[in-house]
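Counting starts at 1 for both ligands and their atoms, in listed order.
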Amino acid sequence: MESAKEEVDTKIKVMFLPFASTSHIIPMVDIARLFAMHGVHVTIIATPVAASLFQSSVGRDSSLGRSIRTHVVKFPAAEVGLPVGVETFNADTAPDMLPKIAKGLNLLEKEIEKLFEELEADCIVTDMFYPWTVDAAARLGIPRLIFLAGSCFAHSAQHSVKTYAPHKDIKSDSTDDKFSLPGLPHRLEMTPLQLPDWLREPNGYTHLMEMIRDSERRSLGSVFDSFYELEGEYLDHYKKAMGTKSWSLGPVSMWANQDAADKAGRGQAKLEQKGKEEEEEDSGCLKWLHSKPENSVLYVSFGSMSKFPSSQLVEIAQALEDSGHDFMWVVKKKDGEDGSFLEEFEKRVKASNKGYLIWGWAPQLLILENAAIGGIVTHCGWNTVMESVNAGLAMATWPMFAEQFFNEKLLVDVLKIGVAVGVKEWRKWQEFGEEVVKKGKIAKAIALLMGNGEESVEMRRRARELSDAAKRAIKFGGSSHTNLLQLIQELKSLKLDRINGK
Ligand code: UDP
């Protein structure tokens, strides 16, 4: 019997199905790679474009003897009327293509379920946006783990608003009136306009979120890119509130990407597909950082999904120039808008050696860990937050869409490692909305973030402490390390039970 157990122990197969957007693919692939690092046979299912974003890391892991591979499924572009190569959601995806991509992904469901069966998965780990996979797992008699993108804090806050609808108590039209989030470990306040639209009033997305929560309750549990020392109270709270199990396994970026090549290539198409210009851009920005003193440079980035109109870019440019700090800004401009002022701006800051603009994709992990970086202006996308925490950086918070306003609350009010720029309105990720954040507000937040007053120094000290805690979490005996080993062990026991017909 013991030898049968050992045999089973060595043969657990887990299949991962990331959602088709860069910021969901990145952490989930890191989690898959962590499973493989710990002796699990891993298969990641992805369409060709999604696979191109991580294939070089998977190839490297495999050449190190880890059992990890990608199974590519063809995206049905012709069937849904899309040009070949349009299969993922990102800043460049045209709005009219979104429903077609979603339809294409739906068409793949049967094929993917068949793969789970044919490749004899013992467990599937699938993105929250694939609620159908919980039924597929049930039909196959195997567990499904749901990957919940974002912070556990944000999921807890969403649960609070969904359960108690506290924003409905606000009757005035004032955009500044606040409600507090009931049932959470801290007393936290927000305004109704900072809530995602689907939480304010039911819409189609509310229905999708209900399906996601239902599938979550029927899953074995949830996995987060987070760690106990960062938001342990919320990890405990969420388990109780949802009545589910969950495992925090982060920071996954630091744990999975210890090799410089992994850091450099994370989230972008294979290096060999990169143009010479892009490679030069990567090394150019790092060279520039190396020429700067420690903690002197402000990094400004708004993630992989957003582009700003010129009206907003002008305000950012002026605030950066006026701040007097050196800066590195990842610029994503809306197509068709006049960018001439930015070209002038770039020339000027290049000549003064005060600023470096990156047009397109930045090697963010390498940038954040560079000693020259002293702080970041972020849209509070959870991957960027985790990567900044790893790097021990305090943040100026500029939330825009998805769960980012909740992440801002965590950073500013709970962890006290963030200073709010003061954005008032949530918006949909592809719509800019009415609010243009003025340079004065941006400048104030930058001054506090990079300043030398007591508040600023304390904030940066707390950020460095969390970075140390993050490093401990992924070491043997650390919270995330222990969670991963326990989770794998539980999956092995479940497999054994299945084989023994329990
Ligand atoms: N990222 C990057 N270079 C860029 C923009 C983004 O490497 O120029 C990475 C970033 O490191 C993070 C992810 O893309 O891992 C963005 O995810 P996040 O959750 O921060 O924001 P989203 O893209 O969902 O808005």
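Checked against the 6.0 Å centroid threshold, Trp198 and His207 do not count as a close aromatic pair. For Phe89 and Phe19, the ring centers are positioned less than 6.0 Å apart. Proximity of the aromatic rings of Phe405 and Trp426 is defined here by a centroid distance below 6.0 angstrom, and this criterion is not met. Between Tyr238 and Phe153, a ring centre-to-centre spacing not shorter than 6.0 Å is recorded. Checked against the 6.0 Å centroid threshold, Tyr299 and Phe327 do not count as a close aromatic pair.
Counting heavy atoms under 4.0 Å from ligand 1, residue Asn383 touches it through both backbone and side chain. With a 4.0 Å heavy-atom cut-off, ligand 1 is reached by the backbone of Trp361 and by its side chain too.
Polar contact check, Ala362 against ligand 1: a nitrogen or oxygen pair lies under 3.5 Å apart. The shortest N/O to N/O separation between Ser301 and ligand 1 does not fall below 3.5 Å.
Across Trp382, Phe406, Phe224, a single residue satisfies ring pair (Phe, Tyr, Trp, His ring centres under 6.0 Å) together with His155, and that is Phe224.
The closest approach between Val330 and ligand 1 falls below 4.0 Å for a heavy atom of the residue. Judged by the shortest distance from any of its heavy atoms, Gly360 lies inside the 4.0 Å radius around the atoms of ligand 1. In this structure, Phe401 is part of the shell of residues with a heavy atom less than 4.0 angstrom from ligand 1. Not a single heavy atom of His24 lies less than 4.0 angstrom from ligand 1. Heavy-atom separations between Lys332 and ligand 1 include at least one value shorter than 4.0 Å.
Looking at atom 20 (O) of ligand 1, its nearest protein heavy atom turns out to be Thr384 OG1, 2.5 Å. Looking only at heavy atoms of the protein, atom 16 (C) of ligand 1 is closest to Ser23 CB, 4.0 Å. Here the heavy atom of the protein found nearest to atom 11 (O) of ligand 1 is Glu387 OE1, 2.6 Å.
Listed by chain and number, the residues in a ring-ring contact (aromatic ring centres under 6.0 Å, His included) with His186 are Tyr234 (sequence neighbours excluded). For the side-chain hydrogen bond (donor to acceptor under 3.5 Å, both in side chains) test, residues two or more places apart in sequence or in another chain that qualify with Glu465 are Arg461.
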